[in-house]
Undergrad: 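Quick one: structure below, then a few questions.
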Protein chains: 2
Amino acid sequence: MSEEINDRSRKILEAIIEDYIASAEPVGSRAVTRRHHLGVSPATVRNVMADLEEMGYLKAPHTSAGRVPTEKGYRFYIDALLQVRHFSELEKERLGWRYRLQGKKTDELLREAGKILSEISHYTGLVLAPRFSSTIFHHIEFIKLSREKTLVVFVSSSGLVQNKIIEVDDSLTQRELEQMTNYLNLTLTGLTIHEVKARILQEMAQEKALYDKLMKKALQYSREALQEEGEEEVFIEGTVHILEHPEFADLEKMKRLFRAFEQKSILVELLDKSQKTQGVQIFIGNESEYQEIEGCSLIASTFSNRRGTIGTLGVIGPTRMPYSTVIPIVDYTAKLLSHILEGDAR
Amino acid sequence: MSEEINDRSRKILEAIIEDYIASAEPVGSRAVTRRHHLGVSPATVRNVMADLEEMGYLKAPHTSAGRVPTEKGYRFYIDALLQVRHFSELEKERLGWRYRLQGKKTDELLREAGKILSEISHYTGLVLAPRFSSTIFHHIEFIKLSREKTLVVFVSSSGLVQNKIIEVDDSLTQRELEQMTNYLNLTLTGLTIHEVKARILQEMAQEKALYDKLMKKALQYSREALQEEGEEEVFIEGTVHILEHPEFADLEKMKRLFRAFEQKSILVELLDKSQKTQGVQIFIGNESEYQEIEGCSLIASTFSNRRGTIGTLGVIGPTRMPYSTVIPIVDYTAKLLSHILEGDAR
DNA sequence: GTTAGCACTCCTCTCTTTCGAGTGCTAACG
DNA sequence: CGTTAGCACTCGAAAGAGAGGAGTGCTAAC
């Protein structure tokens with residue numbers, strides 16, 4: 001029953017999707033012939049539309065409305081029809097993002113990237129920060145706060161700071177704490193936090209060989225401090241922007257989405273997924289089986305430093321999104337961020 | 001023209017406000033007589049209502065609807081009528097908040113307090129974190145990241161960590177950095193960050209007396225690192241909760257509020273204001289001249305450690321709020337937080 | 001001063017009607 | 001045989017028309 005998709009059908013599908021993206025309203029056969037001069041009559045377009053509907057690329061909200069793309073339709077559009085325009089060097093320079101991002105601390109940098117994404121795209125920007133456990137250990141410090149409490153500060157080579165309060169044997173002098181610090185910094189430097197954990201365990205296994213009680217304690221404490229390391233951090237910027245779009249006039253839908261923003265866990269999962277693949281990835285609507293973000297698309301891309309992929313950033317918005325403009329935004333932001341994180345010698 | 005407010009008027013005003021808070025719907029004269037047996041007829045109530053309207057405590061959305069409290073009405077209700085029920089010790093124990101808050105790092109603690117506020121009140125919880133400049137200096141550390149970049153980490157006595165990347169003379173050895181650290185820690189410990197800044201300037205003024213170049217540098221760097229210290233931090237938790245309330249069916253209103261959440265600056269200003277007064281404070285609707293939070297009330301209270309007030313927390317929601325239950329929630333949370341921040345020997 | 005009675009207002013809800021956009025089908029056309 | 005014009009039909013959105021009802025203010029009686 002299903003015809004193959006010939007060139008004319010493609011053109012018509014493309015026209016419908018683009019019109020719909022622009023107007024947020026079901027597209028009728030007339031509109032297609034008027035706005036794009038394809039040299040065919042509305043009747044012909046109607047026939048093609050019926051075919052496209054049967055093939056699952058379009059659907060009609062009701063009998064006497066125009067057609068609306070389905071998720072399958074968007075998918076086809078993105079994979080086969082869409083031509084992404086990349087920024088020219090000149091444009092990149094003009095945007096001035098580089099300027100906005102330079103010279104910031106890593107966490108500020110990531111947040112700012114999220115803001116840029118959201119401002120430019122008019123959707124919500126997401127940045128999944130590097131998991132601390134995959135960053136590179138650079139420094140540890142024990143800072144005694146009170147009799148019972150000691151603050152352990154880890155610094156990654158990119159300048160990310162993570163800290164935790166633990167209880168430390170009160171009898172230790174500041175001098176001994178320093179010795180512990182020196183020992184640990186010597187032993188662990190240059191490893192990823194992940195490797196650090198492994199190394200600690202390894203050293204502890206050889207514990208019997210360790211005649212020095214202090215070192216034993218050092219290992220124990222650093223292990224403790226790394227134990228329940230902070231969960232992944234997501235920066236969500238520009239949640240308001242998403243409200244501008246007509247699809248969120250539906251209160252229920254909106255609430256669900258904001259719930260997802262608040263929980264974050266769904267977003268983390270989703271962004272984590274795309275961490276596995278390089279380059280820009282697009283999740284359309286229900287392809288991701290999360291109810292909370294039904295009717296939404298996510299355009300994401302990974303960013304990296306010298307050692308490889310370390311995080312993901314992207315934009316989330318309704319399925320009806322101007323992909324052709326948002327994709328290069330995400331792409332460029334990711335590349336720029338990677339560039340900064342590398343070139344910065346971090 | 002305006003009668004004084006006699007006892008009966010008060011009772012009726014109270015009844016109307018409470019009914020309106022419960023139902024979100026204009027309250028008619030019948031409803032008042034039915035739900036509260038005041039021993040008067042609807043007609044009498046109508047007369048009183050007309051008076052109260054003239055005095056500005058009530059208004060009618062239209063001729064044939066009941067009355068709705070004005071902001072002036074709420075204000076009177078809160079100042080003169082409301083009886084706040086405080087929690088008994090037993091209830092406090094049962095709530096188990098203490099348990100949820102104990103043993104956390106300061107920033108986690110504040111965030112968790114915000115979450116509790118929002119969960120219990122079903123509105124949005126706000127916590128204005130202590131300004132870093134008013135916390136007490138405990139420790140400074142220079143950590144070299146690369147040739148050009150050095151991370152400066154400040155730790156406050158409460159375990160708050162603030163850090164900044166600065167450029168440091170590359171010729172300095174790690175040993176010299178340590179000397180700088182020791183010198184600074186010795187000089188500055190126990191002061192508030194605010195005082196620290198002053199002290200740095202003071203020491204720098206005596207610079208000529210300082211024959212040691214290293215110390216001079218130390219001062220210069222630490223000053224640089226404290227220069228543009230991070231802006232105030234607000235934790236906003238439970239933004240979704242606020243959507244449950246009927247007043248936010250109005251999309252425009254909602255957008256405005258969320259814009260305020262995103263900018264934060266308005267909230268900071270507002271919370272900052274209430275920082276000046278001890279105890280629970282209530283801002284009703286337009287009393288605060290900020291458009292963005294029109295129709296909203298803020299219930300806020302300060303919290304403190306041994307040294308005095310250090311932050312503010314509160315709940316924001318529509319003007320129609322069950323003040324009698326929310327006020328003790330805010331009050332108790334603030335007190336509990338103060339208790340933890342003090343008792344914790346921080 | 002309080003209350004019952006009553007006319008009046010105005011919102012809300014529902015039911016209809018109208019309107020128009022858009023369709024699918026059919027028959028004619030090149 | 002694909003394409004197109006014509007046309008009946010469908011269905012939602014918008015507008016209109018009551019009906020119903022809650023609530024008021026006023027007046028006059030208690």
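To find a chain, count down the sequence lines: A is the first, B the second, and so on, and within it residues start at 1. All values derive from a computational prediction rather than experimental measurement.
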Undergrad: Counting distance alone, no hydrogens or angles: does the base of dC10(C) have a donor or acceptor under 3.5 Å from a partner atom on the side chain of Ser64(B)?
TA: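 Donor-acceptor pair under 3.5 Å: yes.
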Undergrad: Asn6(A) has an atom CG; how far is it from atom C1' of dC1(D), in whole Å?
TA: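 Between C1' of dC1(D) and CG of Asn6(A): 15 Å.
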Undergrad: Within a 6.0 Å radius of atom CZ on Arg30(B), are there more than 12 heavy atoms belonging to other residues, nucleotides or ligands?
TA: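 No, not enclosed.
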Undergrad: Between Ser29(A) and Asn47(B), which has a closest nucleotide on DNA chain C that is more 5'?
TA: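 Per heavy-atom nearest nucleotide, the more 5' residue is Asn47(B).
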Undergrad: To the nearest angstrom, how far is Met49(B) atom CE from dC26(D) atom C1'?
TA: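 Interatomic distance, CE of Met49(B) to C1' of dC26(D): 17 Å.
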Undergrad: Let's test your reading of the model: under 3.5 Å, does the base of dG5(C) pair with the side chain of Arg46(B) as donor and acceptor?
TA: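 Result: at least one qualifying N/O pair found.
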Undergrad: Provide, to the nearest angstrom, the distance between the CZ atom belonging to Arg30(B) and the C1' atom belonging to dT3(C).
TA: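 Atom CZ in Arg30(B) sits about 14 Å away from atom C1' in dT3(C).
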Undergrad: Take atom CG of Leu52(B) and atom P of dT24(D), then tell me their distance rounded to the nearest Å.
TA: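 Taking CG of Leu52(B) and P of dT24(D), I get 12 Å after rounding.
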Undergrad: Check Gly317(A) against Ile242(A) and note the closest heavy-atom contact, atom names and distance.
TA: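 Taking Gly317(A) first and Ile242(A) second, the nearest heavy atoms are CA-CD1, 3.9 Å.
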Undergrad: Using whole Å, report how far CZ of Arg34(B) lies from C1' of dG23(D).
TA: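 For the pair Arg34(B) CZ and dG23(D) C1', the rounded distance is 12 Å.
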Undergrad: Please report the distance, rounded to the nearest Å, between CZ in Arg67(B) and P in dG23(D).
TA: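 Between P of dG23(D) and CZ of Arg67(B): 11 Å.
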Undergrad: I need the CD-P distance between Glu25(A) and dA21(C), as an integer number of Å.
TA: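 Nearest whole value for this atom pair: 12 Å.
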Undergrad: Separation of Glu53(B) atom CD from dG23(D) atom P, in whole Å?
TA: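 In whole Å, dG23(D) P lies 15 Å from Glu53(B) CD.
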Undergrad: Give me the bend of the helix from dG1(C)-dC30(D) to dG30(C)-dC1(D), using the axes of the five pairs at each end, rounded to 10°.
TA: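 Rounded to the nearest 10 degrees, the bend comes out at 20°.
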Undergrad: Here's a test of your reading of the structure: between Pro26(A) and Thr44(B), which maps to the more 5' nucleotide of DNA chain C?
TA: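 By nearest-heavy-atom nucleotide position, the 5'-most residue is Thr44(B).
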Undergrad: Scan Ala43(A) against the nucleic acid and name what it touches under 4.0 Å (heavy atoms): base, sugar-phosphate only, or nothing.
TA: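 Answer is base: heavy atoms of Ala43(A) come under 4.0 Å of a base.
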Undergrad: Take atom NE2 of His62(B) as the centre, draw a 6.0 Å sphere, and report whether it contains more than 12 heavy atoms from other residues, nucleotides or ligands.
TA: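 It does: His62(B) NE2 has more than 12 such atoms within range.
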Undergrad: Quick check for you: among dG24(C), dT3(C), dT10(D), whose closest atom lies nearest to any side-chain atom of Thr63(A)?
TA: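 Nucleotide nearest to Thr63(A)'s side chain: dT10(D).
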Undergrad: Check whether more than 12 heavy atoms from other residues, nucleotides or ligands sit under 6.0 Å from atom NZ of Lys11(B), and answer yes or no.
TA: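 No.
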Undergrad: Sub-3.5 Å donor-acceptor pair from the side chain of Thr124(A) to the main-chain atoms of Gly238(A), do we have one?
TA: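 Yes, the answer is positive, given that a donor and an acceptor are paired below the 3.5 Å cut-off.
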Undergrad: Between Tyr290(B) and Ile293(B), is the side chain to side chain contact (heavy atoms under 4.5 Å, CB included) condition met? List the steps.
TA: CA-CA 6 Å; Tyr290(B) 306 97; Ile293(B) 52 168; 3.9 Å; yes
Undergrad: Here's one to test your reading of the geometry: is the NZ or CZ of Lys92(B) within 45 degrees of the ring axis of Phe87(B) and under 6.0 Å from its centre?
TA: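 So Lys92(B) doesn't make the cation-pi contact.
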